[in-house]
Amino acid sequence: MTIPPSDRTMTAIEELIAAGLVESGAAAALTEVAARYSVAVPASVARLISHPDDPIGRQFLPRAAELLLLPEENGDPIGDGAHEAVRGLIHRYPDRALLKITSVCPVYCRFCFRRASVGAGTEGVLDDAALDGAFAYLADHKEIWEVIVTGGDPLAVSPRRLAQVSRRLAALPHVKILRVHSRVPVLAPERVTPALTEALKSSGKTVYVAVHANHPRELTERARAACARLADAGIALVSQSVLLRGVNDDVDVLSALMRAFVETRIKPYYLHHGDLAPGTSHFRLSLAEGQALVRELLGRLSGLCQPIYVVDIPGGHGKAPVGPVYVSRQAQGWSVVDWRGIRHDYVDSLGQSREPQP
Ligand SMILES: *Cc1c(COP(=O)(O)O)cnc(C)c1O
Ligand code: SF4
């Protein structure tokens with residue numbers, strides 16, 4: 001492979017061919033893929049790829065399989081559209097709202113749940129008029145306790161723009177938490193500058209950054225250092241990962257990933273079941289496969305390392321935990337399964353007497 005030098009980002013199929021990352025024979029199919037879903041592979045990310053089909057290559061290099069659409073797949077798999085209160089603002093749950101400040105990312109994940117609405121040819125940074133509208137809505141809705149800034153990748157916007165958003169949030173006393181979901185600390189760590197951390201802090205709110213990574217190899221020294229800069233600035237870190245075939249559908253890989261998060265002061269938060277995004281079936285596992293993997297994490301890993309396995313219910317109904325169930329009703333009381341898979345009776349006399357009988 002011949003990866004271009006410096007911080008250059010490859011966006012054209014010809015560049016990926018020249019770098020030896022994809023095969024020239026696939027050019028026509030991949031050009032069609034790239035016309036549907038943006039491609040961006042920074043040289044620093046390309047350097048982590050040792051084989052196009054390895055866990056890093058699979059996440060970022062386009063493949064012909066993306067042209068296959070299944071009937072259950074959908075351009076808006078988690079139903080953002082159903083809850084878009086005003087342009088750029090999605091209000092699904094009463095106490096929290098999503099603010100999409102940009103529709104671009106420094107690197108495009110091939111399994112992205114918003115792939116139909118992010119990338120080249122989309123609106124880019126949310127314009128001033130939309131931002132005014134979103135903030136008017138937030139000011140009017142005093143039940144909103146948390147604002148989740150997302151995108152695209154919200155940390156791909158300039159620190160100046162981020163500081164504007166942050167200052168406007170600071171003016172809303174009912175908003176207590178600012179949460180930012182981003183892949184930047186891991187995949188574009190050089191963007192985590194003092195200006196960026198300062199922009200987040202200027203909200204005066206309690207700030208959480210939800211760091212997206214799916215394989216322990218993404219947590220390079222530079223990535224860990226960027227996360228440390230955020231943590232040292234007083235920003236709380238949680239993780240989000242997507243369960244992906246050929247990337248992290250392995251208990252050792254998942255264990256190493258969760259431990260790497262905790263070692264980096266990132267508390268594992270969500271492990272997402274792959275959303276029904278168009279052209280992503282080659283990445284998805286069955287729910288039963290996901291549950292079997294997650295079950296193996298119990299006991300094997302510290303409680304600090306346990307993520308919540310969730311699915312976003314298609315149609316905009318929100319997230320629900322879909323992990324294995326360890327407890328079941330018995331004729332008398334309950335049965336609980338331990339981390340080795342052994343069942344134990346659990347006497348629950350209070351439940352027996354107080355619960356309504358069916
Ligand atoms: C995922 C999501 C949230 C945040 O959900 P949490 O369970 O609080 O992490 C909020 N709003 C929307 C629209 C979402 O998709
Ligand atoms: S960083 Fe997030 S929004 Fe951007 S392509 Fe990846 S999953 Fe999609």
Kindly compute the distance separating [atom1] ([X]) from [atom2] ([Y]), expressed to the nearest 0.5 Å.
X: L138; Y: L169; atom1: CG; atom2: CG; result: 7.0 Å
X: F283; Y: L244; atom1: CZ; atom2: CG; result: 6.0 Å
X: L276; Y: L69; atom1: CG; atom2: CG; result: 12.0 Å
X: E143; Y: H174; atom1: CD; atom2: NE2; result: 7.5 Å
X: I266; Y: M258; atom1: CD1; atom2: CE; result: 10.5 Å
X: I101; Y: L131; atom1: CD1; atom2: CG; result: 8.0 Å

Next on the checklist: Do L285 and V322 sit in one hydrophobic cluster, given that two such residues count as connected whenever their side-chain heavy atoms are within less than 4.5 Å of each other, even indirectly?
Outcome noted: yes
Checklist entry - In this structure, which one of L48, V39, L187 forms a side-chain contact (heavy atoms from CB on, under 4.5 Å) with F60? => result L187
Next on the checklist: Checking side-chain contact (heavy atoms from CB on, under 4.5 Å) between P62 and each of T31, L30, L21, which is the one that passes?
Outcome noted: L30
Do side-chain atoms of [X] reach the backbone of [Y] as a donor and acceptor pair under 3.5 angstrom?
X: S103; Y: G124; result: yes
X: T2; Y: A18; result: yes
X: Q59; Y: P55; result: yes
X: T264; Y: A260; result: yes
X: D232; Y: R229; result: no
X: T9; Y: A40; result: no
X: E73; Y: G279; result: yes
X: R114; Y: G151; result: yes
X: E66; Y: R63; result: yes
X: D95; Y: W145; result: no

Next on the checklist: Within the 3.5 Å criterion, strictly below it, is a donor on D338 or H344 matched to an acceptor on the partner's side chain?
Outcome noted: yes
Checklist entry - Can you tell me if R259 and S255 form a side-chain donor-acceptor pair at under 3.5 Å? => result no
On a heavy-atom basis, which atom in [X] and which in [Y] lie closest, and how many Å separate them?
X: S202; Y: S166; value: OG-OG, 3.2 Å
X: R92; Y: G316; value: NE-O, 3.4 Å
X: C112; Y: A277; value: O-CB, 3.5 Å
X: L178; Y: S203; value: CD2-OG, 3.7 Å
X: E263; Y: R224; value: OE1-NH1, 3.5 Å
X: P77; Y: N74; value: CD-O, 3.3 Å

Next on the checklist: Walk me through whether Y326 and R295 qualify under side chain to side chain contact (heavy atoms under 4.5 Å, CB included).
Outcome noted: CA-CA 9 Å; Y326 300 95; R295 189 183 280 278; 3.9 Å; yes
Indicate yes or no: at least one non-hydrogen side-chain atom of [X] is less than 4.5 angstrom from one of [Y].
X: V147; Y: V165; answer: no
X: L293; Y: Y309; answer: no
X: F113; Y: T280; answer: no
X: I13; Y: I17; answer: yes
X: D53; Y: R58; answer: yes
X: V104; Y: S38; answer: no
X: V33; Y: R110; answer: yes
X: W339; Y: R300; answer: no

Checklist entry - Yes or no on side chain to side chain contact (heavy atoms under 4.5 Å, CB included) for V253 and H215, after CA distance, side-chain angles and deciding distance? => result CA-CA 7 Å; V253 172; H215 190 276; 3.6 Å; yes
Neighbour count >12 (heavy atoms, 6.0 Å) for atom [atom1], [X]:
X: Y208; atom1: OH; value: no
X: E72; atom1: CD; value: yes
X: E23; atom1: CD; value: no
X: K267; atom1: NZ; value: yes

Item to check | Any pair counted as salt bridge (charged side-chain N to carboxylate O under 4.0 Å, His left out), so long as it reaches residues 163-187, sequence neighbours left out | outcome: D132-R168, E146-R179, R183-E218
Next on the checklist: Could you go through L99 and L126, starting from their C-alpha distance and side-chain angles, then the distance that decides it, and tell me whether this counts as side chain to side chain contact (heavy atoms under 4.5 Å, CB included)?
Outcome noted: CA-CA 9 Å; L99 178 60; L126 193 67; 4.2 Å; yes
Checklist entry - Looking at Y137 versus H91, is the centre-to-centre ring distance below 6.0 Å? => result yes
Checklist entry - Run the side chain to side chain contact (heavy atoms under 4.5 Å, CB included) check on V242 and F111 step by step: do they pass? => result CA-CA 9 Å; V242 185; F111 49 85; 4.0 Å; yes
Item to check | Worked check of salt bridge (charged side-chain N to carboxylate O under 4.0 Å, His left out) between D128 and R161 | outcome: CA-CA 10 Å; D128 288 331; R161 187 65 173 175; 2.8 Å; yes
Item to check | Sidechain N-carboxylate O distance under 4.0 Å for D153, R191 | outcome: no
Item to check | SB check D275 R115 (cutoff 4.0 Å) | outcome: no
